[in-house]
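Heads up, the thing below is written out as structure tokens.
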Number of protein chains: 2
Amino acid sequence: MASSKRALLIDTAQALFYKNGFRATGIDLILAEAGVAKKTLYHHFTSKDDLIIATLMQRDQQLLLRLKTDTQRLIPVQTCQTKLAPIMAFFDALAEWITSEQFFGCMFINGSAEYPRHDDPIHLACREHKLLMMQLIESLLVEVELSDKKSVVRQLSIIADGAIVGAHTMSESDSTRFAKIAAQAVLTHFCLNYTQ
Amino acid sequence: MASSKRALLIDTAQALFYKNGFRATGIDLILAEAGVAKKTLYHHFTSKDDLIIATLMQRDQQLLLRLKTDTQRLIPVQTCQTKLAPIMAFFDALAEWITSEQFFGCMFINGSAEYPRHDDPIHLACREHKLLMMQLIESLLVEVELSDKKSVVRQLSIIADGAIVGAHTMSESDSTRFAKIAAQAVLTHFCLNYTQ
DNA sequence: AAATAACTAGACCGACCTGTATACTTCTGC
DNA sequence: GCAGAAGTATACAGGTCGGTCTAGTTATTT
């Protein structure tokens with residue numbers, strides 16, 4: 001195995017950063033939790049910020065993969081029109097994630113909150129994830145005929161983010177239910193071939 | 001004046017916390033910026049967390065007042081149905097705030113991100129603000145006949161939060177435009193007496 | 001005018017932070 | 001089997017953190 005320690009460090013850091021925040025989580029805690037020497041960390045990463053970005057990149061891939069997989073699994077159980085099933089299933093996948101045991105909001109929204117400067121590499125990494133999330137939403141709308149697809153993608157992205165924030169900030173895990181309803185309303189409004 | 005220093009400290013802290021984050025902003029920087037002695041800070045506040053909460057409470061009042069005022073001002077220029085004008089004006093007020101010079105997201109979303117534990121006093125203060133925000137949205141819907149008002153309030157609240165997050169995390173200030181469109185779609189869908 | 005409250009300036013504390021250096025050990029590829 | 005990479009353990013540097021303390025100064029109130 002090339003560098004299992006590197007992977008172990010990222011996994012440990014991810015759990016701690018997500019649960020407690022980036023600035024609140026010290027290097028020493030990560031090292032103690034992972035059982036790894038400090039020298040090893042700085043062998044694989046140039047700085048804490050570098051570790052944060054690597055953590056965000058892994059989280060990005062894992063979360064998108066999870067949402068994609070869960071969405072596909074949930075498409076068949078949708079009761080709506082076939083072409084809308086993928087995007088509706090996406091909101092169910094979102095609900096599963098949000099109501100799962102370990103949910104502390106979106107790591108990327110949290111990251112951009114802790115590193116507010118728009119030119120900060122960490123902030124930019126968070127932005128990158130949100131762009132990929134929008135691409136995922138767009139990919140689930142390929143079969144849907146919309147009067148303005150770009151606009152609908154933006155609207156659904158906003159609704160998804162709002163649901164995540166609502167669930168975390170207000171500790172109300174049922175926000176995805178309302179997000180799905182809002183998404184349906186948007187799709188009804190802009191779908192050219194919609195049948196209730 | 002009872003305690004101008006206390007007000008000065010809160011004002012200074014608010015600007016710095018908002019721009020740079022809570023944990024990233026040290027007590028010493030606030031004191032230097034405000035030109036106030038450390039002893040004075042700990043005369044008015046028991047701890048940094050106490051100052052943070054006082055800051056959040058002031059911010060809560062100021063932001064809600066600003067949004068209420070701006071909403072009232074923007075009601076007359078709405079082109080939609082009269083009864084929907086208040087809530088539509090709210091999304092324009094949101095847009096004015098988001099596109100204003102100094103915007104670093106929602107201080108309460110950021111706060112709950114930095115203090116993720118749901119029982120943390122700071123997290124709870126952020127939650128409180130979001131509840132008041134929902135009350136504001138609800139108050140703008142009094143004249144609107146809706147099939148399920150509670151549900152619509154939640155949906156609009158989610159859309160508003162999504163717009164704020166989108167503007168900050170993705171650095172795209174036009175998110176409120178799409179939020180307003182989504183809000184219109186939701187209202188169209190649930191409004192009993194809607195006419196386009 | 002006296003007393004009390006609010007304030008300044010700055011030293012200081014212990015804890016914690018990121019990151020580096022030293023010295024040694026284990027693993028791994030050729 | 002040996003060289004080099006990757007690892008451990010730990011001390012340490014240099015700084016910042018929140019918070020306390022002392023001592024003296026200004027304001028306010030009665």
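Just so we're on the same page: letters track the sequence lines, and every chain starts at 1.
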query = For I30(A) and dG19(C), what is the distance between atoms CD1 and C1' respectively, to the nearest whole Å?
reply = 14 Å

remark   = F45(B) CZ to dA6(C) P, in whole Å, measures 13 Å

ask   = Can you tell which of dG19(C), dA9(C), dG7(D) lies closest to the side chain of S47(A)?
value = dG19(C)

key: Short side-chain N/O contact to dC7(C) OP1/OP2 from H44(B), under 4.0 Å   = yes

query = Ion pair present between E172(B) and K130(A), side-chain N to carboxylate O less than 4.0 angstrom?
reply = no

request  = Measure up the F108(B) and H129(B) rings against each other and bin them: parallel (under 30°), tilted (30 to 60°), perpendicular (over 60°).
outcome  = parallel

query = Parallel under 30°, tilted from 30 to 60°, perpendicular over 60°: which one fits the rings of F22(B) and F17(B)?
reply = tilted

request  = Output the single nucleotide from dT10(D), dG19(D), dA6(D) whose closest atom is nearest the side chain of K38(A).
outcome  = dT10(D)

task = Could you state the atom-to-atom distance from CZ of R23(A) to P of dT18(C) in whole Å?
result = 10 Å

note = Testing dT18(C), dA9(D), dT8(C) for proximity to the side chain of A37(B), the answer is dT8(C)

request  = Answer with base, sugar-phosphate or nothing: what part of the nucleic acid does T25(B) contact at a heavy-atom distance below 4.0 Å?
outcome  = sugar-phosphate

ask   = Rounded to the Å, how far apart are Y42(A) OH and dG7(D) P?
value = 16 Å

ask   = What is the distance, rounded to the nearest whole Å, between atom NZ of K39(B) and atom P of dG18(D)?
value = 18 Å

ask   = Cut-off 3.5 Å, side chains only: do Q135(B) and S139(B) have a donor facing an acceptor?
value = no

ask   = Just checking, any donor-acceptor pair under 3.5 angstrom between side chains of S151(B) and Q155(B)?
value = yes

query = Out of dG19(C), dT8(D), dT8(C), which nucleotide sits closest to the side chain of T40(A)?
reply = dT8(D)

key: Length of the CG-P vector between L51(A) and dT18(C), whole Å   = 10 Å

request  = May I have the distance from I52(A) (atom CD1) to dC17(C) (atom P), rounded to whole angstrom?
outcome  = 13 Å

request  = Starting from C1' on dA15(C), measure out to CG on D28(A) and report it in whole angstrom.
outcome  = 12 Å

Polar pair under 3.5 Å, donor/acceptor by atom type, side chain K48(B), base dG19(D) = no

